[in-house]
Amino acid sequence: MAQAYTPDEEQACSGDAFRLCGPEIPDVDRITACMTARKEELSPGCRVFFNSEPVADASAPMDLRPTARKNVASKPRKHKKPDVN
């Protein structure tokens with residue numbers, strides 16, 4: 001689920017969001033992904049909210065870098081027998 005931006009983040013980044021990621025508005029996850037991908041183009045005041053350090057604060061933008069997935073054993077699938085009439 002998308003985490004809304006704080007008032008400080010909105011004030012610092014709303015111009016960049018409209019300028020760089022307008023088509024993604026109002027989807028917060030897509031805006032975050034767009035702005036993360038275009039971090040180098042963000043204004044200095046907004047860029048501080050998209051730092052590359054891990055963020056423990058739940059109100060900060062999500063870190064959308066891919067992470068390794070664990071292998072999870074799935075349940076064996078039951079095959080349906082063909083219906084013979």
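Each residue takes its place number in the sequence, starting with 1.
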Visitor: In chain order, what residues pass the salt bridge (charged side-chain N to carboxylate O under 4.0 Å, His left out) check against Glu24, with sequence neighbours excluded?
Guide: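 By the salt bridge (charged side-chain N to carboxylate O under 4.0 Å, His left out) rule, Glu24 matches Arg30.
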
Visitor: Just verifying a value: how many Å separate Asp27 CG and Cys34 SG, rounded to the nearest 0.5 Å?
Guide: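 Here the rounded value is 11.0 Å.
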
Visitor: Apply the test side chain to side chain contact (heavy atoms under 4.5 Å, CB included) to residues Leu42 and Phe49: give CA-CA distance (whole Å), side-chain angles for both, the deciding distance (0.1 Å), then the verdict.
Guide: CA-CA 10 Å; Leu42 297 176; Phe49 295 107; over 6 Å; no

Visitor: So, for Ser43 and Ala12, which heavy atoms are closest and what is the spacing to 0.1 Å?
Guide: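 That closest heavy-atom pairing would be OG-O, 3.9 Å.
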
Visitor: Which residues satisfy the side-chain hydrogen bond (donor to acceptor under 3.5 Å, both in side chains) test with Arg38, sequence neighbours excluded?
Guide: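 With neighbours one apart ignored, the set is Glu41.
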
Visitor: Taking side chain to side chain contact (heavy atoms under 4.5 Å, CB included) as the definition, give me every residue that meets it alongside Ala17, ordered by chain and number, with sequence neighbours left out.
Guide: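 With sequence neighbours excluded, Ala17 shows a side chain to side chain contact (heavy atoms under 4.5 Å, CB included) to Ile31, Met35, given in chain and number order.
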
Visitor: By side chain to side chain contact (heavy atoms under 4.5 Å, CB included), which residues pair with Arg19, not counting sequence neighbours?
Guide: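 Here the qualifying residues are Asp16.
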
Visitor: Got a sec, which residues hit side-chain hydrogen bond (donor to acceptor under 3.5 Å, both in side chains) with Ser14, two or more places apart in sequence or on another chain?
Guide: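 Scan of Ser14 (side-chain hydrogen bond (donor to acceptor under 3.5 Å, both in side chains), adjacent residues dropped) gives none.
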
Visitor: Please report the closest heavy-atom contact between Phe50 and Thr32, naming both atoms and the distance.
Guide: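 Result for this residue pair: CE2-O, 4.1 Å.
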
